[in-house]
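Following: one structure in structure tokens, then a few remarks.
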Amino acid sequence: MRKKIATPKEISTGEPAIKKSRDFFLDVYDVVRQIPKGRVTSYGAIANYLGTKLSSRMVGWAMNGAHGIKPKVPAHRVVNRNGMLTGRLHFATPDEMENLLKAEGIEVKEHTVSNFKNLFWDPYTHLSL
DNA sequence: CGTGTGACCGGCG
DNA sequence: ACGCCGGCCACAC
């Protein structure tokens with residue numbers, strides 16, 4: 001079930017979306033949407049699940065366009081390998097990401113998810129190929 | 001079509 | 001522990 005979604009450019013410019021989206025983006029969004037509430041995962045884990053574990057940066061790029069698209073993409077549940085909220089500055093406000101996580105019962109200190117190890121949700125494991 | 005950049009990651013000194 | 005470097009690949013210029 002993959003529909004056409006806009007690229008970060010198209011979204012940021014408020015374009016009609018739907019043009020030449022990459023399946024990669026869609027796959028990323030699908031995975032992110034499946035992250036259970038109260039759990040988090042990393043860019044690398046998603047990339048790994050999609051078979052392109054060396055392209056974790058693309059996951060971040062995809063998140064860049066995950067804003068305001070529908071269905072909602074819980075981008076706040078994606079952090080880097082250390083549990084750090086590296087993408088927080090890309091949200092409406094610098095605290096948005098942190099607040100969303102806290103609202104789900106996740107403790108955040110110093111821009112880092114506490115007990116990240118336990119809350120980590122690996123799509124490669126849970127969505128078994 | 002070449003170059004630079006990035007919400008990353010793993011490896012190496 | 002810490003910092004640097006290379007790889008990946010889509011996109012903007």
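Per chain, numbering begins at 1; letters A, B, ... match sequence-line order.
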Protein heavy-atom contacts under 4.0 Å, written 5' to 3' over nucleotides 7-13 of chain B as B (base), S (sugar-phosphate only) or - (none), form the string BBBB---
When you compare the side chain of Val79(A) with that of Met84(A), does any pair of heavy atoms fall below 4.5 Å?
no
To the nearest angstrom, how far is Leu50(A) atom CG from dC9(C) atom P?
13 Å
What's the shortest heavy-atom distance between Ala45(A) and Pro123(A), and which atoms?
O-CG, 3.7 Å
Contacts of Arg88(A) meeting side-chain contact (heavy atoms from CB on, under 4.5 Å) (sequence neighbours excluded), chain-then-number -> Leu85(A), Pro94(A), Met97(A), His111(A)
We want to know whether His126(A) and Gln34(A) form a side-chain donor-acceptor pair, criterion being a heavy-atom distance below 3.5 angstrom.
no
dC2(C) and dA7(B): how far apart are their P atoms, nearest whole angstrom?
22 Å
So how far is it from Phe91(A) CZ to Leu89(A) CG, rounded to the nearest 0.5 Å?
10.5 Å
